[in-house]
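Notes follow once the structure below has been shown.
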Number of protein chains: 2
Amino acid sequence: MDVRTLCLGVLYQGEASGYEIKKAFEEGAFSHFQDASFGSIYPALGRLSSEGLVDCTQMAQEKRPDKKVYKLTDKGNDALITSILVPPSPDKYASDFFFVLYFAELLPIPQVALLLDQRITFYKNTIERMSECDLSTIPEGRQLCHGLGMTVYQSSLDYLEKHKDSFLNKLKIPSQNTPFTNSNRHAS
Amino acid sequence: MDVRTLCLGVLYQGEASGYEIKKAFEEGAFSHFQDASFGSIYPALGRLSSEGLVDCTQMAQEKRPDKKVYKLTDKGNDALITSILVPPSPDKYASDFFFVLYFAELLPIPQVALLLDQRITFYKNTIERMSECDLSTIPEGRQLCHGLGMTVYQSSLDYLEKHKDSFLNKLKIPSQNTPFTNSNRHAS
DNA sequence: TCAGCATATATCAACCCGATATATGTAATT
DNA sequence: AATTACATATATCGGGTTGATATATGCTGA
């Protein structure tokens, strides 16, 4: 999904400045499945504005830079709907955590233990943050996103907590039972 | 993780050409949590080669373009280990599926049903593909990646299958109980 | 007092994706 | 037999994106 559509999505929920849109990707609901940087948000808002998909109101502020507040137009609303009617392209997932874990055999065991502990902490913090969300007041789609996301985080946390210790123990014993051959090089 | 390190990771498992490295990101284990395009793999291999982290052997092939087979050097092995010692940066996840689902209220219900069905099919296919992997012969780290990944896919599948029907039913009734106010605009 | 953080916009080099070009063999379809 | 589609194999490039940085100011806690 291009950044222009992402901005339309954020603005659908209410007018916002570029800075506030960025925050929606960092702290809001979108933070779990989308992201965009200032370097793409500001040009996107410029283009959306020139194409009439958003309205821009310059808000003079005392002792602060001018705040440009963007608001979705009817045309912008239509553009958002058109975009989400297109069959979604596959998820893109990039995880350094998984990459490092994949090569755990190359690391000192305390380093691996730290890796897992920090991941567990991350899951716990994320779940707690999401638990604070009041589900009763948000639309159905958002509720399902929330529920599915929670499920993923919770099951990941459960799995890691359940297998962490036995995994670290197995790493202590230089693996006799895992001969590494070319036949399983790129296994799924 | 930059593409150069990703290439080192693939080559750690055995020598490969640029084309084969790309396949590792498309069909292999890495496909679930990393990706790279030809446009970044080939330049990366060139740089790795000039820096002495990989060796390149030109393989003349009959009736095919020359195949350049890259092999990790000791220096490249060290570089891989150095890279995975760095604390991993946060996951990057971009999902158009979640974005569209988030705005389900804007879509016709059959379209939402299709979205969920295709997602369910995706999870089923992925789980089946991963089930074919012989776990007994791969190192511990890879086994934990596999187990954690399976857990995520399986719990997502279970959740969607459990909530799909009631969700679609709720969409049919124009929501009286979900007043949309500014107070829950960017909720987590 | 002073570092650090929040607000607010903007730019830019480095990097990366997705599409495209090139060349050929094999398999399936018509 | 002809054609289409797919697989092998490398390479380039426009355009989009990231992450860092610059600029300017107020607030807050050590």
Side-chain angles (χ1 to χ4, degrees), chain A residues 1-7 10 15-28 30-31 34-51 54 56-70 83 86 88-96 99 186, chain B residues 1-7 10 15-28 30-31 34-51 54 56-70 83 86 88-94 96 186:
Chain A
M1 200 70 76
D2 57 54
V3 178
R4 286 182 24 254
T5 306
L6 295 183
C7 288
V10 176
E15 54 179 41
S17 65
Y19 187 79
E20 286 163 345
I21 290 173
K22 174 67 175 155
K23 276 209 297 185
F25 293 124
E26 264 169 5
E27 299 163 23
F30 287 113
S31 66
Q34 293 291 348
D35 197 13
S37 66
F38 286 126
S40 57
I41 290 171
Y42 285 119
L45 288 172
R47 264 189 70 183
L48 288 171
S49 195
S50 71
E51 289 167 4
V54 300
C56 177
T57 313
Q58 200 107 11
M59 309 277 272
Q61 292 192 120
E62 283 170 26
K63 313 273 185 165
R64 283 217 186 281
D66 278 6
K67 190 173 175 175
K68 291 182 190 169
V69 177
Y70 295 89
S83 290
V86 176
S89 53
D91 292 7
K92 284 164 211 161
Y93 182 51
S95 173
D96 286 4
F99 186 80
H186 297 146
Chain B
M1 202 69 76
D2 57 54
V3 177
R4 288 186 17 255
T5 306
L6 295 182
C7 289
V10 176
E15 54 180 43
S17 64
Y19 188 79
E20 286 162 345
I21 290 173
K22 173 69 175 155
K23 276 209 299 187
F25 292 122
E26 264 169 7
E27 299 163 23
F30 288 111
S31 66
Q34 293 290 349
D35 196 13
S37 67
F38 286 127
S40 57
I41 291 171
Y42 284 118
L45 288 172
R47 263 188 72 181
L48 288 171
S49 195
S50 70
E51 289 167 3
V54 300
C56 176
T57 314
Q58 199 108 11
M59 309 278 273
Q61 291 191 121
E62 283 170 26
K63 312 273 187 169
R64 284 219 185 279
D66 278 5
K67 190 176 176 174
K68 291 183 189 168
V69 177
Y70 294 88
S83 291
V86 176
S89 54
D91 292 8
K92 285 165 212 163
Y93 182 50
D96 286 4
H186 298 146

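Note that the structure is predicted; figures quoted are calculated from it, not measured. Below, chain A is the first sequence line, B the second, and so on; all start at residue 1.
- In this structure, the side chain to side chain contact (heavy atoms under 4.5 Å, CB included) partners of Asp91(A), at least two apart in sequence or on a different chain, are Tyr93(B), Ser95(B), Phe97(B), Arg119(B).
- Checking the phosphate oxygens (OP1, OP2) of dA6(C), no side-chain nitrogen or oxygen of Lys23(A) falls inside 4.0 Å.
- Picking from dA10(C), dA9(D), dT8(D) the nucleotide with the shortest atom distance to the side chain of Lys68(A) gives dA10(C).
- As a whole-Å value, the separation of Lys67(A) NZ from dA8(C) P is 4 Å.
- For the helix from dT1(C)-dA30(D) to dT30(C)-dA1(D), the rotation axes defined at the first and last 5 base pairs enclose an angle of 40°, given to the nearest 10°.
- Lys22(A) comes within 4.0 angstrom of nothing in the nucleic acid, heavy atoms only.
- In this structure, OG on Ser31(B) lies 9.0 Å from CG on Asp35(B), to the nearest 0.5 angstrom.
- For the pair Leu6(A) CG and dT18(D) C1', the computed distance is 14 Å after rounding to whole Å.
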Base versus backbone protein contacts along nucleotides 13-22 of chain C [heavy-atom cut-off under 4.0 Å; B, S, -] = --SSBB----

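- In this structure Tyr42(A) satisfies the ring pair (Phe, Tyr, Trp, His ring centres under 6.0 Å) test together with Phe38(A), sequence neighbours excluded.
- Here Lys22(B) pairs with Glu26(B) under the side-chain hydrogen bond (donor to acceptor under 3.5 Å, both in side chains) rule; sequence neighbours left out.
- Between the P atom of dA10(C) and the OH atom of Tyr42(A) lies a distance of 7 Å, rounded to the nearest Å.
- Annotation: side chain to side chain contact (heavy atoms under 4.5 Å, CB included) contacts of Asp96(A) (sequence neighbours excluded): Met1(B), Gln34(B), Pro88(B), Ser89(B).
- Dashed line: the shortest gap from a side-chain N or O of Ser17(A) to OP1 or OP2 of dT7(C) is not under 4.0 Å.
- Taking atom CZ of residue Phe25(A) and atom P of nucleotide dG19(D), one finds them 14 Å apart after rounding to whole Å.
- Applying the ring pair (Phe, Tyr, Trp, His ring centres under 6.0 Å) test to Tyr19(A) and every residue at least two apart in sequence or in another chain returns nothing.
- To the nearest angstrom, P of dA8(C) lies 15 Å from CG of Leu45(A).
- Atom-to-atom distance recorded for Asp2(A):CG and Thr5(A):OG1 is 3.5 Å, nearest 0.5 angstrom.
- Distance alone, capped at 3.5 Å, is enough to place a donor-acceptor pair between the Glu20(B) side chain and the Ser17(B) backbone.
- Under the 4.5 Å side-chain criterion, counting only non-hydrogen atoms from C-beta, Thr57(A) is not in contact with Tyr70(A).
- The separation between Ile21(B) atom CD1 and dA11(D) atom C1' is 15 Å, rounded to whole Å.
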